[in-house]
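Contents: one structure, followed by commentary.
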Amino acid sequence: MLYDAYEMQRSWLSGASLMANMGAEWLQNPANPLGQTGFGPMIASGLDVFAHASQPRGKPAFGFEKAIVEGKEVTVFEEIVLRKPFGQLKRFTKEGVTGQPRLLIVAPMSGHYATLLRGTVERMLPGHEVYITDWRDARMVPLEEGRFDLDDYIDYVIEFLEFIGPDTHVLAVCQPSVPVYAATCVMNADKNPCRPATLTMMGGPIDTRKAPTAVNTVATQRPLAWFEQNVIATVPFFYPGAGRKVYPGFLQLTGFMAMNLGNHLMSHYKMFNHLVQGDEESADSTKAFYEEYRSVCDMTEEFYLQTIVDVFQQHKLPKGQLLHRGRKVDPGAITDTAILAVEGERDDISGVGQTKAALTIAKNLPDAKKKYLLAEKVGHYGIFNGRRWREVIAPVMEQWIVEHGA
């Protein structure tokens, strides 16, 4: 009933958004005398904000066409090089450019599409051959494709790395830090030639006992049965994944926005003022952020619930209790993958110390292959997007790749 109710509301808001957009355009038409009155621009701006906030959104595109490599503009091609039921491996190829370090960016499976990392890819693209995990919306995966849990996630990472080949560098942003770290443990233990040359983790919940945040508190204060009963829904019949149990993206988005409701309301109020003042550039900047932020997708029930238990409630990885296909995941097996842990001083999703724990539990990794960066005045989103990511964090990561590459 929850998912059906949401779809009904989304249908209603879609129509309301269209009407509001038409009303805003009508009032902004120079031929309309009402647009020249004192209240005309205010009403038009209000309708514009409502239209943008209520319109339905699909999967965004990365949209890269050009990149600057060593001062020259080159064409960028986006291609899918490996397809799997619950995700695909994308590569960004630059025309005429070869021999650059290979970088696999593992995007979060946490309610948003991989395009949330558009700024991350854009910054690393000029100097690296970039691949990214493009996870599928679980509601679009038919039931006959089977299940997808934390074990499957780890398998996908290993398979992607084996496809790309040896001496690949990996960047895990937020949620995938745990499965990517586990995959690195497994591959090191097996002496897999395709194990990561370097692993950079940003704002990841390696050990959520360190500086718990509101996200951690929600996950630990409620029993698993509460999550099963309150946040798991069934995909409606008109989607390819009809009948699949999922944690809907719209619920995840609601939770994240509720955590900082005041900030989101203020952002929309500022957007309204920018539109009234005719500052379209500033308004468009806010619209672009929310265009991406509100584009959400579902994740499978089994992956979500297993993550709640293993990562947030029982802390299995730092305790040495995490299993992959019945086999112990041993951080002590990491002996030659150089690890860079990055945290944001103001991160309200993964607290300071949670990602750094990855360095501590890798007991057999030499200190020369460990590095920690605390980005000052940076929140969770700013770790992988924005000016400080581009100017402060990315250069450290690039140097780390150079130092520990082939």
Side-chain angles (χ1 to χ4, degrees), residues 103-106 108 120 154 157 161 167-192 195-213 215-216 307 310-312 314-322 324 328-347 349-376 378-380 382-384 388-389 392-405:
L103 173 65
L104 171 61
I105 299 177
V106 184
T120 316
I154 295 171
V157 172
L161 282 167
D167 197 41
T168 298
H169 305 272
V170 180
L171 168 59
V173 180
C174 189
Q175 170 270 322
S177 292
V178 170
V180 173
Y181 192 83
T184 303
C185 293
V186 172
M187 297 180 80
N188 271 260
D190 293 341
K191 300 301 179 184
N192 191 316
R195 60 190 180 274
T198 69
L199 169 58
T200 299
M201 291 172 289
M202 296 180 175
I206 297 296
D207 189 348
T208 58
R209 295 172 296 181
K210 312 288 185 182
T213 64
V215 174
N216 308 144
T307 299
D310 290 1
V311 177
F312 293 98
Q314 297 184 10
H315 319 288
K316 288 185 178 181
L317 179 60
K319 288 181 177 180
Q321 300 172 356
L322 184 65
H324 172 248
K328 181 180 177 181
V329 174
D330 180 16
I334 302 178
T335 56
D336 58 9
T337 296
I339 299 177
L340 169 62
V342 180
E343 296 183 327
E345 182 183 30
R346 298 177 179 174
D347 194 333
I349 304 296
S350 294
V352 174
Q354 293 187 12
T355 311
K356 187 179 181 181
L359 304 176
T360 304
I361 61 178
K363 297 179 179 179
N364 294 322
L365 185 65
D367 289 342
K369 288 183 175 290
K370 297 179 181 180
K371 188 176 181 66
Y372 175 66
L373 172 63
L374 178 63
E376 297 180 356
V378 174
H380 188 74
I383 298 175
F384 56 91
R388 288 190 174 89
W389 148 247
V392 178
I393 300 172
V396 174
M397 179 181 166
E398 289 174 322
Q399 184 59 36
W400 191 248
I401 289 174
V402 170
E403 292 176 2
H404 300 280

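Note that this is a predicted model, so its numbers are computed, not measured.
- The closest side-chain heavy-atom distance from C185 to I334 is below 4.5 Å.
- Under a 3.5 Å cut-off, the side chain of T355 and the backbone N or O of A341 do not form any donor-acceptor pair.
- Residues G204 and S350 share a closest heavy-atom pair of C-OG, 3.9 Å.
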Worksheet item: Where do L103 and M397 land on the side-chain contact (heavy atoms from CB on, under 4.5 Å) test, with the steps shown first?
Response: CA-CA 11 Å; L103 173 65; M397 179 181 166; 3.7 Å; yes
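- Using a 4.5 Å heavy-atom cutoff, the side chains of I339 and L359 are in contact.
- Side-chain atoms of L317 and I206, non-hydrogen and from C-beta on, do get closer than 4.5 Å to each other.
- Contact record, N216 with F312: ND2-CE2, 3.3 Å, taken as the closest heavy-atom pair.
- Between T198 and L340, the closest side-chain pair of non-hydrogen atoms is not below 4.5 Å.
- Put simply, the side chain of N364 never gets that close to the backbone of T335: no donor and acceptor are under 3.5 Å apart.
- Atoms NZ and OG1, from K210 and T360 in turn, are 7.0 Å apart once rounded to the nearest 0.5 Å.
- When every heavy atom of G203 is checked against every heavy atom of D347, the shortest pair comes out as CA-OD2, 4.0 Å.
- Between I383 and G344, the closest heavy-atom pair is CD1-N, 3.7 Å.
- For the residue pair V178 and P205, the shortest heavy atom distance occurs at CG2-O, 3.4 Å.
- Taking the ring pair (Phe, Tyr, Trp, His ring centres under 6.0 Å) definition, one finds that W400 meets it with H404, sequence neighbours left out.
- The distance from atom CE of M201 to atom CD of Q354, rounded to the nearest 0.5 Å, is 12.5 Å.
- Note: K328 NZ to K316 NZ = 13.0 Å, rounded to the nearest 0.5 Å.
- Inter-residue side-chain proximity for T120 and M202 is flagged as unmet; no heavy-atom pair is nearer than 4.5 Å.
- Residues V157 and V170 have side chains not in contact (no heavy-atom distance under 4.5 Å, counting atoms from C-beta outward).
- Pairs passing the side chain to side chain donor-acceptor pair (under 3.5 Å) check and including a residue from residues 177-191, sequence neighbours excluded, read N188-T337, D190-R327.
- Of the possible donor and acceptor atoms, none in the side chain of K371 sits under 3.5 Å from a partner among the backbone N and O of V396.
- Few gaps surround NZ on K319; more than 12 heavy atoms of other groups in view lie less than 6.0 Å from it.
- In terms of the side chain to side chain donor-acceptor pair (under 3.5 Å) criterion, residue partners of D336 (sequence neighbours excluded) are, by chain and number, R195.
- Distance check, rounded to the nearest 0.5 Å: NZ of K369 to CG of L199 gives 12.5 Å.
- Other residues, nucleotides and ligands contribute only 12 or fewer heavy atoms inside 6.0 Å of the NZ atom of K356.
- Heavy-atom minimum distance, G405 versus H169: CA-CE1, 3.7 Å.
- Using modelled atom types, no side-chain atom of E345 and backbone atom of L374 make a donor-acceptor pair closer than 3.5 Å.
- One distance of note links NE2 of H315 with CG of D207; it measures 7.0 Å at 0.5 Å rounding.
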